[in-house]
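Only one structure is covered here, and it is reproduced in the block below.
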Amino acid sequence: MSIGTTITEFIIEEQRQMKGVSGEFTALVNDVVIACKAISSAVRYGSLVGVLGTADTDNIQGETQKKLDVISNNLFIKRNEWAGHVAALASEEMSDVYHLPPQYPRGKYLLVFDPLDGSSNTDVNGAVGTIFSILRRPKDSEGEPTEDDFLQSGDHQVCAGYALYGPSSMMVLTTGHGVNGFTLDQRIGEYILTNPNMKIPEEAKDFSINAAYMRFWDPPVRRYVDECLAGKEGPRRKDFNMRWAGAMIADVHRVLCQGGVFLYPNDRKLRAKNQEGKLRLMYEASPMSFIIEQAGGLASTGTQRIMELQPTGLHQRCPVILGSRNEVERIISYHLEAQ
Ligand code: AHG
Ligand code: MN
Ligand code: MN
């Protein structure tokens, strides 16, 4: 029996083709992969090991944390803080930059992550995942990294990826040279390359949006969805499917595999709370946009390319519209026409 290409082998091969690479990046990705394997295991054992249900705490966004949010955050930190590859970490579940304990060396990378995306799905045995993004620490940054050091647009990402804990555990990542997918082989405990060079179909028949908020949407989003719903009899002259998993990772993974568009737009209700969308720019929107663009798709707020947004805070939110090129272009044009 042959094993196939492991994710570590793949990253080493990719790094060999680049000048001035020390192996530090490969070692960092390796630790991220181990953290995701540990989270995958905790998610899989669920009630058997008492990890489901709600913790007694809220996170910085005021959301009630699940026990698995806290467990996944801690697993990610413990695995990545000691080796000397990162200088600091930041996550959805922590209000401020996480500074490494003094005994550990500081590396040249910054690691940003959503330890468990779609965590409300843990109540119903639905798909969840982990999203991460790797940035370089700015050259002029001295001492302990500050929040400002993290505030880099998506175009500065060195690597972005996600682990999807579905019927099988998958890891999908990009270092800016296309997108590759790996499936966890439980027998040997390694992610194996199963989906090389993933590309999003340009045309699509699926859209993914929480239609419960329809009455709050802006006219361009309403127009797009109305036209999809009108099907063959409408201006699009074809029928569409709608899907909503409640975990961005699961919905975006479907879009990546089969084509389609994922929308979590801004709306009247979010604006009334002074929010620009719901999803977080640094650890949800930017990494997923990097992956989608590298697979040939587009990612926009409706009016701006997400990868160019300059973050002003670690937990900044933004509207997200991403997926098949032709569909996203159409939605952007509807926004332009409405201006
Ligand atoms: P998280 O569990 O990390 O807070 O993220 C949940 C996000 C995203 O994954 C999902 O697409 C969206 O929230 C669902 O929001 P609604 O409940 O408003 O549909
Ligand atoms: Mn999330
Ligand atoms: Mn989360």
Side-chain angles (χ1 to χ4, degrees), residues 35-36 39-40 42-43 51-55 57-77 89-95 112-133 160-166 206-217 221 225 242-256 260-273 275-289 291-292 299 306 314-323:
C36 291
I39 298 170
S40 174
V43 167
V51 295
L52 299 189
T54 303
T57 44
D58 284 355
N59 68 11
I60 172 74
Q61 349 274 337
E63 299 160 344
T64 305
Q65 288 178 306
K66 298 285 178 193
K67 283 186 199 162
L68 271 171
D69 283 321
V70 178
I71 292 167
S72 306
N73 195 56
N74 289 341
L75 282 169
F76 219 85
I77 290 173
L89 298 94
S91 131
E92 174 184 347
E93 303 301 338
M94 301 184 288
S95 46
V112 189
F113 59 103
D114 176 356
L116 203 64
D117 177 63
S119 57
S120 69
N121 277 1
T122 54
D123 293 339
V124 296
N125 199 16
V128 290
T130 301
I131 310 174
F132 66 93
S133 163
Y162 61 83
L164 170 63
Y165 315 123
D206 279 17
F207 65 99
S208 192
I209 189 166
N210 188 341
Y213 308 130
M214 189 177 281
R215 66 192 185 284
F216 306 120
W217 292 342
V221 172
V225 174
M242 186 167 77
R243 295 279 185 268
W244 187 252
M248 181 195 201
I249 289 190
D251 285 314
V252 174
H253 187 70
R254 184 182 334 96
V255 165
L256 176 59
V261 60
F262 169 87
L263 303 97
Y264 207 118
N266 207 3
D267 66 30
R268 193 156 40 83
K269 192 172 168 218
L270 295 170
R271 277 196 201 94
K273 292 194 279 181
Q275 272 182 225
E276 276 287 309
K278 175 187 179 186
L279 299 174
R280 277 59 54 118
L281 172 59
M282 296 212 59
Y283 38 82
E284 292 177 322
S286 272
M288 294 312 245
S289 298
I291 290 168
I292 290 295
I306 290 175
L314 274 183
H315 303 290
Q316 182 179 336
R317 300 172 193 263
C318 74
V320 175
I321 298 167
L322 56 77

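Both counts, for ligands and for their atoms, begin at 1 and track the order of listing. Index from 1, following the sequence.
Distance alone, capped at 3.5 Å, is enough to place a donor-acceptor pair between the R317 side chain and the K278 backbone. At distances below 3.5 Å, not a single donor-acceptor pair connects side-chain atoms of N73 with backbone N or O atoms of P115. Under a 3.5 Å cut-off, the side chain of N266 and the backbone N or O of G277 do form a donor-acceptor pair. A side-chain donor-acceptor contact under 3.5 Å links R268 to the backbone of R215. A donor-acceptor pair under 3.5 Å links the side-chain atoms of D251 to the main chain of A245, judged by distance alone.
The atoms of ligand 1 that sit less than 4.0 Å from any heavy atom of L116 are 2 (O), 3 (O). The distance from ligand 1 to the heavy atoms of G246 drops below 4.0 Å at these ligand atoms: 10 (C). Near L279, meaning under 4.0 Å from any of its heavy atoms, are these atoms of ligand 1: 7 (C), 8 (C). Each of the following atoms of ligand 1 lies closer than 4.0 Å to a heavy atom of G118: 1 (P), 2 (O), 3 (O), 5 (O), 6 (C), 9 (O). Interface of D114 with ligand 1, defined as ligand atoms under 4.0 Å from a residue heavy atom, comprises 3 (O). In the vicinity of S119, heavy-atom distances shorter than 4.0 Å reach the ligand 1 atoms 2 (O). Every atom of ligand 1 is numbered from 1 in the order shown, and the set under 4.0 Å from a heavy atom of E284 is 3 (O), 5 (O).
Taking the six-membered ring for Trp and thresholds of 30 and 60 degrees, F76 and F113 have nearly parallel ring planes, at less than 30 degrees apart.
Counting heavy atoms only, Y213 comes closest to atom 16 (P) of ligand 1 of the residues Y213, F262, Y283.
From the protein, the heavy atom lying nearest to atom 5 (O) of ligand 1 is D117 OD1, 3.2 Å. Ranking the protein heavy atoms by distance from atom 19 (O) of ligand 1 puts N210 ND2, 2.8 Å first. Protein heavy atom in closest approach to atom 11 (O) of ligand 1: M248 N, 3.3 Å. Given atom 13 (O) of ligand 1, the protein heavy atom at minimum distance is K278 NZ, 2.9 Å.
Within the 4.0 Å heavy-atom criterion, the part of R280 lying near ligand 1 is the side chain and not the backbone.
Around CG of N125, the count of heavy atoms belonging to other residues, nucleotides or ligands within 6.0 Å does not exceed 12.
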### Audit row: I77, M94, side-chain contact (heavy atoms from CB on, under 4.5 Å) steps and yes/no
CA-CA 11 Å; I77 290 173; M94 301 184 288; 3.6 Å; yes

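Backbone or side-chain N, O or S atoms of L116 reach the Mn ion (ligand 3) at under 2.8 Å. None of the N, O or S atoms belonging to D69 lies under 2.8 Å away from the Mn ion (ligand 3).
Take the N/O/S atoms of E284: the one nearest the Mn ion (ligand 2) is OE2. Residue-level check: among N/O/S atoms of E92, OE1 sits closest to the Mn ion (ligand 3).
Angle OD2 (D114) to the Mn ion (ligand 2) to OD1 (D117): 100°, rounded to 10°.
At a threshold of 4.5 Å between non-hydrogen side-chain atoms, the residues T122 and Y165 do not count as touching.
Between W244 and ligand 1, an N or O atom pair is found at a separation short of 3.5 Å.
Closest non-hydrogen pair, I292 versus G323, comes out as CG2-N, 3.8 Å. The shortest heavy-atom contact between T54 and K66 is OG1-NZ, 3.6 Å.
Side-chain polar atoms of N59 and E93 form a donor-acceptor pair below 3.5 angstrom.
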